[in-house]
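Beneath this line is the structure, given in structure tokens, with notes to follow.
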2 protein chains.
Amino acid sequence: MKQLIEDLSEVFDNRVRLGMMSMLLVNDWVEFNTFKSMLDLTDGRLASHLKVLESAQYIEVRKQFVNRKPNTTYRVTDLGREAFNAHLDALEKLLKMHNATPDAPPPMDGV
Amino acid sequence: MKQLIEDLSEVFDNRVRLGMMSMLLVNDWVEFNTFKSMLDLTDGRLASHLKVLESAQYIEVRKQFVNRKPNTTYRVTDLGREAFNAHLDALEKLLKMHNATPDAPPPMDGV
DNA sequence: AGAAGTACTTTGAAAAACAAAGTTAATGAG
DNA sequence: CTCATTAACTTTGTTTTTCAAAGTACTTCT
């Protein structure tokens, strides 16, 4: 039990980053502005969550110019994909675990 | 997408509380010390997480004496069960959503 | 009276999250 | 060339969350 919980990653202990990963798993390159509008985030907030994923080396960044405008896109790394799958595995096991907690004492129905 | 993420509860944005809920879903009453040893928490840390769940009215508390010693046990409320299921539903939808993010521009392979 | 166990509460500190404003680099209009 | 604009950040300061460590209340046991 303790181990299962430690297998859950703190990186994914956050709703916004879960949403970002979900997008990254299905789409090859995702644009900054796509994250921003789909998740309804401010620039700063998005950038800080991106930084968490980037620091963990779960995403890689590509910067280019498109139509003469800067265009930044992100892609999940193999490491990121593995980490996310491991997280989901741990979560699934945690939930499926029909955990054998020692029986709690029955209510003392006179108190 | 935005909506799905908002459907994820902040209460469950935490590994310890996910573990607690998993125990509570399968066991009727769970003792303070059972949480403590299965999740390997200090008294204080456990109490604070219990408080979060209790404030949300996701668990109820029963205090009694067993073998002349104080014994506190916790049970998930209907509200808690619903909230947790809703959270898991949203998570599942988020992951299953083959989300149609606008295509990112292809790499400009000369930069 | 004193020690021990259970279940907290309090205190303080560190880390995470966020909003708002500021910054940089490139483009486009005049 | 100058100024405004857009994209993508970065910085600053505040609030919130999390946690460890120590302290407390109540009861029982010796």
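In the text below, chain A, chain B and the rest are named by the order of the sequence lines, each starting its count at 1.
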(request) Using whole Å, report how far CG of L53(A) lies from P of dC9(D). (result) 13 Å

(request) Can you tell me which residue pairs pass the salt bridge (Lys or Arg N to Asp or Glu O under 4.0 Å) test with a partner in residues 21-49 of chain B, sequence neighbours excluded? (result) K2(A)-D40(B), D28(B)-R75(B), K36(B)-D43(B)

(message) Less than 4.5 Å apart, side chain to side chain, heavy atoms only: is that true for T72(A) and R62(A)?
(response) no

(request) Side chain of K69(B) only, please: which of dG5(C), dA7(C), dT27(D) is the nearest? (result) dG5(C)

(request) Would you please confirm or rule out a distance under 4.0 Å between OP1 or OP2 of dC8(C) and any side-chain N or O of Y74(B)? (result) yes

(request) State which of dA7(D), dA26(C), dC9(D) makes the closest approach to the side chain of N33(A). (result) dA7(D)

(request) Check the distance between dA7(C)'s P and E31(B)'s CD and give it to me in whole angstrom. (result) 7 Å

(request) Check the distance between dA8(D)'s C1' and Q64(A)'s CD and give it to me in whole angstrom. (result) 14 Å

(request) Look at the side chain of R68(A) and decide which nucleotide, out of dA7(C), dT27(C), dT10(D), has an atom nearest to it. (result) dT27(C)

(message) Nearest to the side chain of P70(A), heavy atoms from C-beta on, is which of dA26(C), dA7(D), dT10(D)?
(response) dA7(D)

(request) Please report, rounded to the nearest Å, how far the C1' atom of dC29(D) is from the CZ atom of F65(B). (result) 14 Å

(message) Whether T72(B) contacts dT6(C) is assessed here as follows: a side-chain N or O lying under 4.0 Å from the phosphate OP1 or OP2. Is that the case?
(response) no

(request) Verify the ring-centre separation between Y58(B) and Y74(B): is it less than 6.0 angstrom? (result) no

(message) Taking 4.0 Å as the cut-off, does a side-chain nitrogen or oxygen of K63(A) come that near to OP1 or OP2 on dC9(D)?
(response) yes

(message) From NZ of K51(A) over to P of dA16(C), roughly how many Å is that when rounded to an integer?
(response) 13 Å

(message) How many whole angstroms separate atom CG of L41(B) from atom C1' of dC19(D)?
(response) 11 Å

(request) Measure the distance from CG on N71(A) to P on dA25(C) and round it to the nearest whole Å. (result) 19 Å

(message) Does any part of the side chain of L50(A), heavy atoms only, come nearer than 4.5 Å to the side chain of M20(A), both counted from C-beta?
(response) yes

I'd like a list of close polar pairs between nucleotides 17-21 of chain C and the protein, N/O only, cut-off under 3.5 Å.
unit_1	atom_1	unit_2	atom_2	d
dA17(C)	OP1	N14(A)	ND2	3.2
dA17(C)	OP2	R17(A)	NH1	3.3
dC18(C)	OP1	R45(A)	NH2	3.0
dC18(C)	OP2	R45(A)	NE	3.3
dC18(C)	OP2	H49(A)	NE2	2.9
dC18(C)	O5'	R45(A)	NE	3.4

(message) Can you measure L50(B) atom CG to dC8(C) atom P for me and round it to whole angstrom units?
(response) 7 Å

(message) One pair to check against side-chain contact (heavy atoms from CB on, under 4.5 Å): D7(A) and K93(A). What are the steps and the verdict?
(response) CA-CA 10 Å; D7(A) 286 347; K93(A) 278 181 195 147; over 6 Å; no

(message) Within the structure provided, determine whether L95(A) and L91(A) are in side-chain contact (heavy-atom separation under 4.5 Å).
(response) yes

(message) For residues 81-92 of chain A, which residue pairs pass the salt bridge (Lys or Arg N to Asp or Glu O under 4.0 Å) check, not counting sequence neighbours?
(response) E92(A)-K96(A)

